[in-house]
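Quick note on labels: first sequence line is chain A, next is B, and so on, each numbered from 1. Bear in mind that the values here come from a model prediction, so they are computed numbers and not experimental data.
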There are 4 protein chains.
Amino acid sequence: MTLLTKSHVKLPQRGRPRSEESRQSILLGTAAILAERGYEGLSIEAVATKAEVGKQTIYRWWHSKADLVIDALSELAAQQVDIPDTGSVTGDLRELLKNAFFVLTATPSGNAVIGLLVATQRDTRISKVFRERFVEKRRGAVREIFQRGIQREQIRANLDTDLIIDLIYGPMWYRLLVGHAPLDEVFADTLVEQIMVLLKE
Amino acid sequence: MTLLTKSHVKLPQRGRPRSEESRQSILLGTAAILAERGYEGLSIEAVATKAEVGKQTIYRWWHSKADLVIDALSELAAQQVDIPDTGSVTGDLRELLKNAFFVLTATPSGNAVIGLLVATQRDTRISKVFRERFVEKRRGAVREIFQRGIQREQIRANLDTDLIIDLIYGPMWYRLLVGHAPLDEVFADTLVEQIMVLLKE
Amino acid sequence: MTLLTKSHVKLPQRGRPRSEESRQSILLGTAAILAERGYEGLSIEAVATKAEVGKQTIYRWWHSKADLVIDALSELAAQQVDIPDTGSVTGDLRELLKNAFFVLTATPSGNAVIGLLVATQRDTRISKVFRERFVEKRRGAVREIFQRGIQREQIRANLDTDLIIDLIYGPMWYRLLVGHAPLDEVFADTLVEQIMVLLKE
Amino acid sequence: MTLLTKSHVKLPQRGRPRSEESRQSILLGTAAILAERGYEGLSIEAVATKAEVGKQTIYRWWHSKADLVIDALSELAAQQVDIPDTGSVTGDLRELLKNAFFVLTATPSGNAVIGLLVATQRDTRISKVFRERFVEKRRGAVREIFQRGIQREQIRANLDTDLIIDLIYGPMWYRLLVGHAPLDEVFADTLVEQIMVLLKE
DNA sequence: AACTAACCGAGACGGTACGTCTCGTCTTCGC
DNA sequence: GCGAAGACGAGACGTACCGTCTCGGTTAGTT
């Protein structure tokens, strides 16, 4: 029994344990610099300085800038996407979009997200993680709103869900990146209005 | 005679005239590298090498990388966007999108355009030029299709045109950048299908 | 006496005693690396790795690289400076110098000793140890040779001993460090020849 | 003929010429830091910062710290070894040694020279330069003093000059490095006294 | 037998400096 | 003016060690 237990036990931790404080500091610093200067403007040196950490401590745990950004992104993505529940699909979508617009235009996270999107164009690993951990989460929120709407019979059941989600988030990204028109409440309202037409057929 | 000619010229054009060959070579090289390595991966050094030109010749005529990219972009954007005319709005939109998808996914221009979009995030001047010379042209094409459709009474007249255009091009950019689904003919067809619902109310 | 001293001190000797095995391993490792890579190429890190010892175990017992090297050299050579006794001062000095030349030029100790010299320039504590443990021992050997010579009436009694010793060891160091001429037997012979002139007046 | 001519013609200087201003700034900065922090405390990084120069500009022209220090010292001191001429060999040697003692003990050059010695042990090229530019110059001074003394018949002609010079400079280095006794005027006087015995037989 | 103190190995920590690289700029040459 | 060449200031790269700190574990007394 003892032997069994022992075989289960992990190897005893040797040496000084990794500093959780440093890890946090590095990931936060990475996110901050990403927001300020974008992916290409992010240097390990700057992260080390900002996080008050030795460069080696970064290189010890992440072997590339992309790796670091992926982890920072994960930390960022871990933020709870709260799915509004106003009782109607229209209300839920409006709320969801307004929150998203606010985060993207009025918080540092917005810039960081743009930086991340830029980063995805340079590294497919980042692209994958960005899609799985960030984009999918937000698409999932819409899917849940739709399901609730179907159950309540507010919208029709035979939706091409993925396409509709592209029609919701696509214009958002388009405006955010091209900047030809603002991401404001009017846009949220009119966009949702059009989407509702499609949801009710 | 030579003297006479010179006296005619207002600006006394001294020294060797600017090499048009070099100018073309530089702009083409810039576009090529933009396509290969993106905006941040573009260095004047690399352009000079590729264009077989001295670095100083670039700096003499363009103040910055952004300046250079803007000019290269103008050259690129000068490409005629031909507006399809199949007789129906549905057909026109399908054609327009399929062409756009092809260019973006199967030609070097696609990468260059993504590179440019990335560049816009770092420089508002580039952003402006990109919008005016590139985006607007393509939005204009859709507007023309809509106008013809209204004249033919294929679609209703009281459209929120700009919003509908966002609903067309937004999903395209979204898929191009995020890569969660392909930019293929099926997508073009289903996207246009949904848009047509909105155009007919 | 030793016993008395010990009983007086009555060191409480609590906790785990110092590991003699580690001590040996460290000193041997130091000597080995010294031989391979010289004084400048010696790092505490490398010693710890080679000796399979934690770095702290080194820092706990030695304050600096120079400290460590001094101990390693002492251990390695057992460093008994055997004072030759050939019957004549001339013979004794020749023997002494030839031995010294051999050690300095044909063993790793030569390089190590030079490295130590540099270290002494920055740390007076090390300088003191180096003088007491290395230099004085060798100067004492010459003093003993002189005393025997005086007793045998081979040399005069009123010597400025310290100055003469400088005249013996000085040229040795000079050639060792500057390398403008070899530390060979010819040098030993001619040097002793000149010194004998001064010893006999 | 053409070939011959070509071989005579200097290569046309291509590219930007070396900046004399930077060269001066680097050497002055090196000298300043040498004085402040000594040889071991001198880092290329610090020199670059102080001289307001890119690190590469230092590495382009000097292979190592020792190289740089050699040039800085040469420049700084212009290093005229003035050979005293008091009329007697005794007086000349006394003067020469007292000057040397002063420079070595009371100026930053002393520390620098010691630092250079280490470097010579790791790099024979530096060793060579050190010998030729520093040591030989000073040995030459003694040779000249001896020649004048021989002409004036103050000393015998059949000297083993190199050995005697070792007997003069050796003790100086020995005391400088080991520090067992001071480099003072008393030492200069008694050392010269002994040397004179050998010079007169 | 339990407790305590000092050791041990391992290895992470914040740092400094290394020598290399590439950037955009500057400065010269010869055509 | 142009191409080419190459030095320049700047600053990030990834590595090597520094000397310190912090773990789990050992090895002796002392209680």
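Listed by residue number, the members of residues 22-40 of chain A with any heavy atom below 4.0 angstrom from DNA chain E are S22(A).
Of the side-chain N and O atoms in R60(B), one or more sit less than 4.0 angstrom from OP1 or OP2 of dC2(F). Applying the 4.0 Å criterion to OP1 and OP2 of dG30(E), one finds that R14(D) has every side-chain N and O outside that range.
Under the side-chain contact (heavy atoms from CB on, under 4.5 Å) criterion, E21(C) pairs with S19(C), sequence neighbours left out. Residues that satisfy the side-chain contact (heavy atoms from CB on, under 4.5 Å) test with A46(B), not counting sequence neighbours, are I33(B), R37(B), S43(B). With sequence neighbours left out, Q24(C) forms a side-chain contact (heavy atoms from CB on, under 4.5 Å) with E20(C), E75(C).
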For this session: Report, as a single string ordered 5' to 3', how protein heavy atoms within less than 4.0 Å touch nucleotides 15-21 of chain E: B base, S sugar-phosphate only, - not at all.
Result: B-BBBBB
Show me the donor-acceptor pairs, under 3.5 Å and distance only, between side chains in residues 113-120 of chain C and residues at least two apart or in other chains.
| from | atom 1 | to | atom 2 | distance (Å) |
| --- | --- | --- | --- | --- |
| T120(C) | OG1 | L117(C) | O | 2.4 |

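Listed by first then second residue, pairs satisfying ring pair (Phe, Tyr, Trp, His ring centres under 6.0 Å) with a partner in residues 110-130 of chain D read F130(D)-F134(D), not counting sequence neighbours. Listed by first and then second residue, the salt bridge (Lys or Arg N to Asp or Glu O under 4.0 Å) pairs that reach into residues 41-51 of chain C are E36(C)-K50(C), E45(C)-K55(C), sequence neighbours excluded. A salt bridge (Lys or Arg N to Asp or Glu O under 4.0 Å) check over residues 56-73 of chain A, counting only residues at least two apart or in different chains, returns the pairs D67(A)-R125(A).
Where T57(C) and E20(A) meet DNA chain E, the nucleotide closest to each residue was compared, and T57(C) sits on the side nearer the 5' end.
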